[in-house]
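Accompanying notes for the structure given below.
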Amino acid sequence: MNSNDRAPSGLHWLGSFAVLCALVALWWIASNAGWVSRVFLPTPQATFASLLEGLNLSGDSGNGELLAFTQATVGRMVEGWLLASLFGVVLGAAIGVSPAVRAWIQPTLEFIRPLPASALLPLAISIFGLNPGMVLFVVAFGAMWPVLLATVHGFAAVEPRLAEVARCLQMSRAAYIWKMGLPNAMPDILAGMRLALTIALIVAVVGEMIASQSGLGQAILLAARAFRASDLFAGIVLLGLIGFVSNALLAFAEKRLLRWQQP
Amino acid sequence: MTEGRLFRWLRPWVFPALLVGAFEWYARRAAALGSDALAPPSAAAKAFVGAALDGSLWQATGFTLGTAALGLLIGAMLGIALGLVLGLSRRAAQLGSVSIEVLRPVPSVALIPLAMLAFGFGVRMELAIVAFATFWPLLVLVQSAVQQIEPRLLEVSRVLGLSARERAFKIVLPAIVPRLFVALRLGVAVALVVAVTVEIAANPNGMGYAMMIAQQSFDPALMLAWLGWIGVVGFAVNAGMVLLQRTVARRMGVMP
């Protein structure tokens, strides 16, 4: 759209950062002056100290666990997301490529779409028990829907003339999927995968909280129960960072992969 | 002719009926082998009727829907207000951009422990998290809606010498109404998902907790009944919002 005239110059970045710094300063004042009880709002320096200690960056102790927790959560999120993307695209292509199958199955998919992914946790617990595989299953299942529905939609929206061309060329179904369907559905699929990544992080955290699998979700829940507010905030900061970095990486990849679409 | 219509009306139900049938068969076989982790859908339907008759169904559903609606109201009002400001003033948008990009990706569920600490269990913690989760999508969508307003409308408001308040209520808000309802539709979906998630993870109230407690007390029939009911409620609420959004768009003269 109008991305050109909105590209921020150096000065704008500086001003924008100044606003962020002002917000942190406000946090500092609010917690240090005791406007908000420190039981739930630790000071920024305490949060930072917890972060350093947890990540073993402060030098002295060396038994911080935040790094391992972060790895566990990121691993769960990425594994679940990759599984979700794979199954979402494969199933979506299988359903989307045939109008007949679409007519039979799509209403069911639309019905399941608004179901919260976390609502499957109790069912998964009673089927699989409390273990890492169960959480991974729910992460993958919950994150699969946006990809699946986006793929179906992308296949359904293929220009009819392209489908006619494929018929004239007597392309096999596999060739049609590979050469026309998938490239056509690519923008939809990537948008779905981006949504899926957000869902994967959320479900991974909820799964860790409920099934007490080690990870950031469990870490922040335990920190809150023990009234260790600075550890809680350190965990929230890390989760925000995970969300930020993964989103930025995917936005970058999306721009690269869809470059051929731009005129 | 009528046969074709009947066929088209029946077609969406075939696949779910097959799924439910397969699940019924599988669960009955598992139960015969001595597993109590699953229940056949027929037992779930019986449990559902029981919950509907003793009132627990309506009470929990009311709690979840009410909290989600109130949280959405808070989050949407704040999001729309800030979105209007950021959409109208390019400088404000530039100044706020880094803060928003840093705060927005924080997953809403990460705030569950914090809200627990600050508010304890109950309505307020769930409200806070739903409001946080719905605030960001509304902010972003309203901001982009305002930025896409026909520039001439804003010029007219300047020529007429409208105050900022009048400009917001007489020009900007009516101009973004169709897009606002698209944003609200998304907000409703987010609010419902987040409310159920908070109840499953922590808050001992509402539909999510009812399902969790059914699982923990080894009542798979009731758990499945809740799962199905949550699905039905989510579908109905979303379908209602789509209908509302289309009606508003048509009334405002936008082709759907």
Side-chain angles (χ1 to χ4, degrees), chain A residues 1-2 6 8 12-13 15-20 23 39-41 103-108 110-123 125-127 198 201-202 205-206 209-210 216-217 220-225 227 229 232-233 235-237 239-247, chain B residues 8 11-16 19 37-38 90-91 93-99 101-114 116-118 144 147-148 189 192-197 200-202 207-208 211-212 214-216 218 220 223-224 226-227 230-232 234-235 237-239:
Chain A
M1 286 171 286
N2 46 359
R6 277 180 59 216
H12 291 135
W13 276 111
S16 203
F17 267 114
V19 171
L20 184 64
L23 284 178
V39 174
F40 20 92
L41 190 69
W104 288 93
I105 293 183
Q106 206 167 9
T108 313
E110 294 295 331
F111 176 79
I112 301 179
R113 185 224 294 262
L115 189 71
S118 51
L120 288 166
L121 272 166
L123 181 66
I125 290 174
S126 65
I127 296 177
T198 313
L201 179 58
I202 289 179
V205 170
V206 176
M209 284 179 179
I210 297 179
L216 283 174
I220 58 175
L221 196 65
L222 293 181
R225 286 201 181 134
F227 292 96
L232 166 60
F233 265 66
I236 294 178
V237 168
L239 282 171
L241 209 63
I242 295 173
F244 180 76
V245 171
S246 56
N247 229 324
Chain B
R8 210 171 305 148
R11 195 164 53 180
W13 301 94
V14 173
F15 186 61
L19 282 183
L38 282 178
R90 182 176 293 180
R91 181 170 295 165
Q94 277 159 350
L95 285 179
S97 63
V98 170
S99 309
E101 287 310 313
V102 167
L103 289 175
R104 192 162 66 115
V106 174
S108 48
V109 289
L111 298 183
I112 291 176
L114 178 63
M116 238 163 69
L117 206 54
S144 86
Q147 279 164 349
Q148 285 173 34
L192 204 59
V193 168
V194 170
V196 171
T197 304
I200 285 178
M207 297 196 284
M211 184 164 76
M212 206 62 205
Q215 188 267 320
Q216 280 167 9
F218 294 104
M223 179 191 75
L224 283 176
W226 276 111
L227 183 61
I230 290 174
V232 169
F235 180 76
V237 169
N238 278 296

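Sequence lines set the chain letters: A, B, ... in the order given, protein chains first and strands last, and positions in each chain run from 1.
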Given a strict heavy-atom distance threshold of 4.5 Å, which part of [X] is in contact with chain A: side chain, backbone, both, or neither?
X        : value
B:Pro16  : both
B:Glu101 : both
B:Leu38  : side chain
B:Val232 : both
B:Ala118 : both
B:Val14  : side chain

Which bit of [X] is near chain B, if near means a heavy-atom gap under 4.5 Å: side chain, backbone, both or neither?
X        : result
A:Leu201 : side chain
A:Leu232 : side chain
A:Leu23  : side chain
A:Leu239 : both

Pick whichever of [options] has the most heavy-atom pairs under 4.5 Å with chain B.
options                                : value
A:Pro107, A:Ala117, A:Pro114           : A:Pro114
A:Leu41, A:Asn247, A:Leu20             : A:Leu20
A:Ser118, A:Gly15, A:Gly243            : A:Ser118
A:Ile220, A:Leu120, A:Leu216, A:Val205 : A:Ile220
A:Val245, A:Val206, A:Ile242, A:Leu121 : A:Val206

**Report entry** ring-ring contact (aromatic ring centres under 6.0 Å, His included) partners for A:Phe227, two or more places apart
**Finding:** none

Specify the closest pair of heavy atoms between [X] and [Y], including all atoms of both residues, with the distance to one decimal.
X        : Y        : value
B:Phe15  : A:Trp104 : CB-O, 3.8 Å
A:Ile125 : B:Met212 : CD1-CE, 4.0 Å
A:Phe244 : B:Pro105 : N-CB, 3.4 Å
B:Leu111 : A:Ile236 : CD2-CD1, 4.0 Å
A:Ala119 : B:Met211 : O-CE, 2.8 Å
B:Gln215 : A:Pro122 : CG-O, 3.3 Å

Query - Those residues that, when tested against A:Ser16, pass side-chain hydrogen bond (donor to acceptor under 3.5 Å, both in side chains) (two or more places apart) - result: B:Ser97

Requested in this report: Calculate, to the nearest 0.5 Å, the distance between atoms CG and CZ belonging to A:Leu115 and B:Phe235 respectively.
Outcome: 12.5 Å

Query raised in the report: Are any of the side-chain heavy atoms of A:Met209 and B:Pro113 separated by less than 4.5 Å?
Result: yes

Query - Verdict with reasoning, B:Val98 to A:Val19, per side chain to side chain contact (heavy atoms under 4.5 Å, CB included) - result: CA-CA 8 Å; B:Val98 170; A:Val19 171; over 6 Å; no

Please identify, among [options], the residue contributing the most non-hydrogen atom pairs under 4.5 Å to chain A.
options                      : answer
B:Leu114, B:Leu224, B:Leu192 : B:Leu114
B:Val106, B:Asn238, B:Val109 : B:Val109
B:Val194, B:Val237, B:Val196 : B:Val196

**Report entry** Over 12 non-hydrogen atoms of neighbours within 6.0 angstrom of CZ in A:Arg225
**Finding:** no

Query raised in the report: Is it the case that more than 12 heavy atoms not belonging to A:Phe17 sit under 6.0 Å from its CZ atom?
Result: no

